[in-house]
Amino acid sequence: MSPGRLWIMIPCVDFKMKTIEVDGIKVRIQIWDTAGQERYQTITKQYYRRAQGIFLVYDISSERSYQHIMKWVSDVDEYAPEGVQKILIGNKADEEQKRQVGREQGQQLAKEYGMDFYETSACTNLNIKESFTRLTELVLQAHRKELDGLRTRASHELALAELEEEEGKPEGPANSSKTCWC
Ligand SMILES: Nc1nc2c(ncn2[C@@H]2O[C@H](COP(=O)(O)OP(=O)(O)OP(=O)(O)O)[C@@H](O)[C@H]2O)c(=O)[nH]1
């Protein structure tokens, strides 16, 4: 632990940062993995507020976790900002022999809520990169206007800085008749 820093450990929230490339743009994303248990709800709901994209994850080997998705969706609608992007995930796709939720059930639920859907596996890496890239794309699309505004402002500021640098340069002998070294 580095001195001078206060670390607050929150047992029900895991945090990671990752950089991924979408359409040639490097995007640094913050990932907050909140616990599913009921007893942590008061804390975990606080994290919905600043989310731009949310994965709603169930376990394909647990019908119960699939049934829970409806509750997650209503919580997200209540606590997350308007326009938050959502993707439905059926995880543990490697556990085919234990499957309790059909792929079509996942697709159907995602369709009802207007979400994209992926079956993933954290064990085999199935669709992990794809689903993260897709959610990032959706968030970027939703924030396109802001992003375009930022880009325009940045290029204006760059042009201005170049102009100021140009104007601030001491005039060389070639472009000044006042300079005399003799
Ligand atoms: N076979 C398989 N096991 C997985 C997969 N993803 C997670 N697990 C296992 O499932 C268990 C629970 O994983 P967690 O990541 O703690 O699940 P969680 O949903 O974050 O759990 P909570 O934080 O309690 O909500 C662990 O033993 C993992 O190793 C997967 O894709 N396939």
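Counting starts at 1 for both ligands and their atoms, in listed order.
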Residues forming a side chain to side chain donor-acceptor pair (under 3.5 Å) with Thr19, sequence neighbours excluded: Arg28
For Gln67, all residues meeting side chain to side chain donor-acceptor pair (under 3.5 Å), sequence neighbours excluded: Glu63
Residues forming a ring pair (Phe, Tyr, Trp, His ring centres under 6.0 Å) with Tyr66, sequence neighbours excluded: Tyr58
Note every protein N or O atom lying under 3.5 Å from an N or O atom of ligand 1, pairing the names and giving the distance.
{"from": "ligand 1", "atom 1": "1 (N)", "to": "Asp94", "atom 2": "OD2", "distance (Å)": "2.9"}
{"from": "ligand 1", "atom 1": "1 (N)", "to": "Glu95", "atom 2": "OE2", "distance (Å)": "3.2"}
{"from": "ligand 1", "atom 1": "6 (N)", "to": "Asn91", "atom 2": "ND2", "distance (Å)": "3.1"}
{"from": "ligand 1", "atom 1": "10 (O)", "to": "Lys92", "atom 2": "NZ", "distance (Å)": "3.1"}
{"from": "ligand 1", "atom 1": "24 (O)", "to": "Gln37", "atom 2": "OE1", "distance (Å)": "3.3"}
{"from": "ligand 1", "atom 1": "25 (O)", "to": "Gly36", "atom 2": "N", "distance (Å)": "2.8"}
{"from": "ligand 1", "atom 1": "31 (O)", "to": "Asn91", "atom 2": "OD1", "distance (Å)": "3.3"}
{"from": "ligand 1", "atom 1": "31 (O)", "to": "Asn91", "atom 2": "ND2", "distance (Å)": "3.4"}
{"from": "ligand 1", "atom 1": "31 (O)", "to": "Ala122", "atom 2": "N", "distance (Å)": "2.7"}
{"from": "ligand 1", "atom 1": "32 (N)", "to": "Asp94", "atom 2": "OD1", "distance (Å)": "2.8"}

Electrostatic pair Glu95-Lys92, nearest N-O below 4.0 angstrom: no
Main-chain N/O of Glu165 paired with Glu167 side-chain donor or acceptor, under 3.5 Å: no
Output field: ring centroids Phe132/Phe55 closer than 6.0 Å: yes
